[in-house]
Amino acid sequence: MKTSENPPDETKKDDSGLDFIRKIVVDDIRTNKNEGRVHTRFPPEPNGWMHIGHAMAIYLSYSIAQEYNGLFNLRFDDTDPSKESMDYVEAIKEDIQWLGADWEDRLYFASDYFEELYDLAVALINAGKAYICDLSADEIREQRGSLTEPGVNSPYRDRTIEENLDLFKRIRNGEFEDGSKVLRAKIDMASPNLLMRDPIMYRIKRVSHYRTGTDWIIYPSYDFTHGESDAIEGITHSLCSLEFETHRPLYDWFVDELLAVGALKHKPRQIEFSRLNVTYTITSKRKLLELVDGNYVSGWDDPRMPTIAGMRNRGFPASAMRTFLGRVGVTKREKNIDYGLLESCVREELDQEANRVMAILNPLKIVLENYPDDQVEHLEIPNHPKDISKGTRKVPFSRELYIEQEDFMEDPPKKFYRLTVGREVRLRNAYFITCTNFVKDDSGKIIELQCTYDPNTKGGSSPDGRKVKGTIHWLSKPHALEAEFRLYDRLFKREDPSGLPDYNPDSLTTTKGYVEPSLGNAKPASHYQFERLGYFFTDPKEFSQDNLVFNRTSTLRDTWAKIFKQHPHSKKKRQKKK
RNA sequence: AGCCCCAUAGUGUAGUGGUUAGCACCUCAGGCUCUGAAUCUGAUGACUCCAGUUCGAAUCUGGAUGGGGCUGCCA
């Protein structure tokens, strides 16, 4: 992946501007620690969907490896078979790939190291640093003590090395029931860090593992697996989020003890950073699951979901995600980023990349009374106003057109400069038109406009230099293609949502409308800007030439909406008030 | 309650003893415009507090305050 934001200049001597992790890396390279190598990893547990917070962790580890000519591993931390599955492995790989992080041929699984980990555990027993404990889970919890009180030593703590070795082997061979015994590290039951109070290294679980099958009935715990896997892979900088800070002493203890007995040769360094939170968004698996289970969203990859798959389906470009992640920065402070920053990055990218086309969400028919009945012109319109390399396309123009309902007002407020009776506006890239009259149905709804066009303004400008204040988009009614629009908005109503109670019922509005005929040839998963409406993305799965489905990635900035919100009344109505 | 971590505009981030405390997003005002978009210009807006060290502290020290984490045989 390209690291677009503030790429560090490796020749630069000073560290200024670098985040604290990069400073550590630069310093390690300078002092030739790890022979100058940089090697990172991303260690997901295959038990859920990757979300925006994971994206940050992936991007950080990958881009640091990139920037310092290092390597990046993908390693699945699959030590709890009761929750994990291969389906997640494939989904996670797809997400990481999409983001642009490349693990090349270094795809690993902690389960690849089960035998090695077992030997490491034996080495620790031999060193007198681990023992088999017969206490129940409840008893262990009780004896662990509390935040303020020390724990008490397990009565099994002083078993002989021989006995521990024998027991550990017999556990592996299946002589004991699930939960009847565990292997514990012998550290310090009085440590102020609860994690150091003789933590569990192995538990008995007769659960089939999706990769090792029934080979094992004991599985190593996270704490005993993670650092050891890092050491085995030669990871130099093991980056993780803040909640693992208190695990670091334990991480170091295991590696140091194993180093001391020569069972391990390398010591990685764990560094913690604060995780990414975004306003109007949650990443809690449990809370997101409520939305999925309750069918508030179509699934984990619903375009409203803060999952990587969801954002991909929404049409957020991977490059915009990277820009966003780069702008967010890396620190240890708790962060809550404005959702607007993400949107801004998405718009910035799409403004450059997306071809402009026209679509009408809420059609209002207009008839150009002085336009020949049977005439059709094919206007050549640029695909991108700022990038001529994107070429042009032909768009049909005829006597009967559609415009957006919101672009006409019978009794407009002062700053409204779109269409109203007697006013001239420009049809984008086409002609100036003037509204002469409108037709209402029985309910008073405006259903048709009568207009005239000025044939001398073809292309959208007047030879007499006449200016027009408003420009609106349009479609030729007989040529317009029917389409479905999925108008997405933020999933939650509140900036700091609690979950389901803050679900935004307007987060999805599905509507039928029309698009210009060129879109009949569009491919799934492509970006467009519908002029004056927003960025849309052809649905990756459902879009076809017979089923034109567009997901709204983002609206355009809408200054008019703000003005209108402040002064929603027309001149007349405001005068009445006074 | 014990231990650990964190503290700069609304949000995020830079700053490592001397700066008009920089940048981005947001907000506001204006210019430009065939998208009320984009773009350009400008403006508002911050060092949690108290001591100490120093000629000089956002930066160093101590304390206070505020926020977060830690008592799964989850990761």
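These values consider heavy atoms only, across backbone and side chains, with no hydrogens, waters or symmetry-generated copies. This structure is a prediction, so every number in the text was calculated from the model and none was measured. Each chain gets a letter, A, B and so on, in the order the sequences are listed, and its residues count up from 1.
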Checklist entry - Taking it one step at a time, do A:E45 and A:K83 satisfy salt bridge (charged side-chain N to carboxylate O under 4.0 Å, His left out)? => result CA-CA 9 Å; A:E45 184 189 14; A:K83 297 180 181 174; 5.5 Å; no

Next on the checklist: Run the ring-ring contact (aromatic ring centres under 6.0 Å, His included) test on A:Y528 and A:F536 for me, step by step, so that the C-alpha distance in whole Å, both residues' side-chain angles and the decisive distance to 0.1 Å come before the verdict.
Outcome noted: CA-CA 5 Å; A:Y528 290 95; A:F536 285 73; 9.8 Å; no

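Side-chain contact check for A:N456 and A:Y431: no donor-acceptor pair (N or O, by modelled atom type) lies under 3.5 Å. Side-chain atoms of A:Q529 and A:E531 include no donor-acceptor pair closer than 3.5 Å. Side chain to side chain, A:D78 and A:S111 meet the donor-acceptor criterion of an N or O pair below 3.5 Å.
Taking 4.0 angstrom as the limit, A:S191 places none of its side-chain polar atoms (N or O) nearer than this to OP1 or OP2 of B:rC3. Contact between the side-chain N/O atoms of A:S221 and the OP1/OP2 oxygens of B:rC74 is not found at any separation under 4.0 Å. At B:rG36, none of the side-chain N or O atoms of A:K469 fall inside 4.0 Å of OP1 or OP2 (strictly under the cut-off). For the pair A:K205 and B:rC74, the criterion of a side-chain N or O lying under 4.0 Å from OP1 or OP2 is met. Regarding contacts with the backbone of B:rC28, a side-chain N or O of A:K562 is found under 4.0 angstrom from either OP1 or OP2. Look at A:R333 and you won't find any side-chain N or O under 4.0 angstrom from OP1 or OP2 of B:rU48. Between A:K181 and B:rC73 there is no side-chain N or O to OP1 or OP2 distance below 4.0 Å. OP1 or OP2 of B:rG15 sits under 4.0 Å from a side-chain N or O of A:K23.
Atom CG in A:D15 sits roughly 19 Å away from atom P in B:rU13 (whole-Å rounding). The nearest whole Å value for the distance from the NE2 atom in A:H473 to the P atom in B:rU35 is 13 Å. Rounding to whole angstrom units, CD of residue A:Q352 and C1' of B:rU39 are separated by 12 Å. Rounded to an integer number of Å, the gap from A:K335 NZ to B:rG10 C1' is 17 Å. Per the geometry, CD belonging to A:E142 stands 12 Å off P belonging to B:rG72, to the nearest Å. Rounding to whole angstrom units, CG of residue A:N277 and P of B:rC25 are separated by 22 Å. Summarising the geometry, the separation between CG on A:L276 and C1' on B:rG68 is reported as 16 Å, rounded to the nearest angstrom. Rounded to a whole Å, the CD1 atom of A:I200 is 5 Å from the C1' atom of B:rC73.
Between A:Y514 and A:Y402, the distance separating the two ring centers is shorter than 6.0 angstrom. Here A:F114 and A:Y219 bring their ring centres to under 6.0 angstrom of each other. Aromatic rings of A:Y210 and A:Y88 (six-membered ring for Trp) have centroids beyond the 6.0 Å cut-off, not under it.
In this structure, the nucleotide among B:rC3, B:rU71, B:rG36 sitting nearest to the side chain of A:P192 is B:rC3. Closest to the side chain of A:L556, from the set B:rC5, B:rU35, B:rU71, is B:rU35. Checking B:rC74, B:rC28, B:rU8 against every side-chain atom of A:Q566, the shortest atom distance belongs to B:rC28. Taking the side chain of A:S146 as heavy atoms from C-beta on, and the options B:rC28, B:rU13, B:rU71, the nearest nucleotide is B:rU71. Counting only heavy atoms from C-beta on, A:K332 has its side chain closest to B:rC5 among B:rC5, B:rC74, B:rG36. Considering only side-chain atoms of A:R203, the nucleotide from B:rC73, B:rU35, B:rG12 that sits closest is B:rC73. Here the side chain of A:T331 is nearest to one of B:rA75, B:rU71, B:rA14, namely B:rA14. Closest approach to the A:E334 side chain among B:rC73, B:rU8, B:rG68 is made by B:rG68 (side chain taken as heavy atoms from C-beta onward). Of the candidates B:rC73, B:rG12, B:rG72, the closest approach to any side-chain atom of A:I337 belongs to B:rG12. Distance from the side chain of A:R141 is smallest to B:rU71 among B:rG12, B:rU71, B:rA1.
Using a 4.0 Å heavy-atom distance criterion, A:V328 is classed as a sugar-phosphate-only contact. If you check every strand for non-hydrogen atoms under 4.0 Å, A:F416 touches a base. Within 4.0 Å (heavy atoms only), A:F244 reaches at least one base atom of the nucleic acid. Contacts of A:R557 with the nucleic acid, taken as non-hydrogen atoms under 4.0 Å apart, involve only primed sugar atoms and P, OP1 or OP2. A:L242 comes within contact range of no nucleotide atom at all, as no heavy-atom separation falls under 4.0 Å. A:S344 comes within contact range of the sugar-phosphate backbone alone, with a heavy-atom separation under 4.0 Å but no base atom that close. Within 4.0 Å (heavy atoms only), A:P44 reaches no atom of the nucleic acid at all. Within the nucleic acid shown, A:Q529 comes within 4.0 Å of at least one base atom, counting heavy atoms only. Using a 4.0 Å heavy-atom cutoff across all strands shown, A:N429 reaches at least one base atom of the nucleic acid. Residue contacts for A:T279: at a heavy-atom cut-off of 4.0 Å it reaches no nucleic acid atom on any strand shown. Here A:R144 lies in heavy-atom contact (under 4.0 Å) with sugar-phosphate atoms only. In this structure, A:R356 reaches the bases: a heavy-atom distance under 4.0 Å links it to at least one base atom across the strands shown. Residue contacts shown for A:Y219 are absent, as no nucleic acid heavy atom lies under 4.0 Å away. If you check every strand for non-hydrogen atoms under 4.0 Å, A:H247 touches a base.
Of the nucleotides present, B:rG12 is the one that pairs with B:rC23 by Watson-Crick or G-U wobble criteria, both distances under 3.5 Å. With a cut-off of 3.5 Å on both pairing distances, the Watson-Crick or G-U wobble partner of B:rG66 is B:rC6. When both distances must be under 3.5 Å, the Watson-Crick or G-U wobble mate of B:rU39 is B:rG31.
In this structure, A:Y222 does not pack face-to-face on the six-membered ring of B:rA75, missing the 5.5 Å centre cutoff or the 30° plane limit.
Glycosidic conformation at B:rG52 (O4'-C1'-N9-C4 for purines, O4'-C1'-N1-C2 for pyrimidines): anti, more than 90° from 0.
Checked for salt-bridge contact, A:E233 and A:R75 meet the test: a charged N lies under 4.0 Å from a carboxylate O.
Between the CG atom of A:L124 and the CZ atom of A:F168 there is a distance of 10.0 Å, given to the nearest 0.5 Å.
Between A:L195 and A:A137, the one whose closest nucleotide on RNA chain B sits nearer the 5' end is A:L195.
Side chain A:R532 to base B:rG36: no donor-acceptor pair is found below 3.5 Å. For a distance-only test at 3.5 Å, the side chain of A:D338 qualifies as a donor-acceptor partner of the base of B:rG10.
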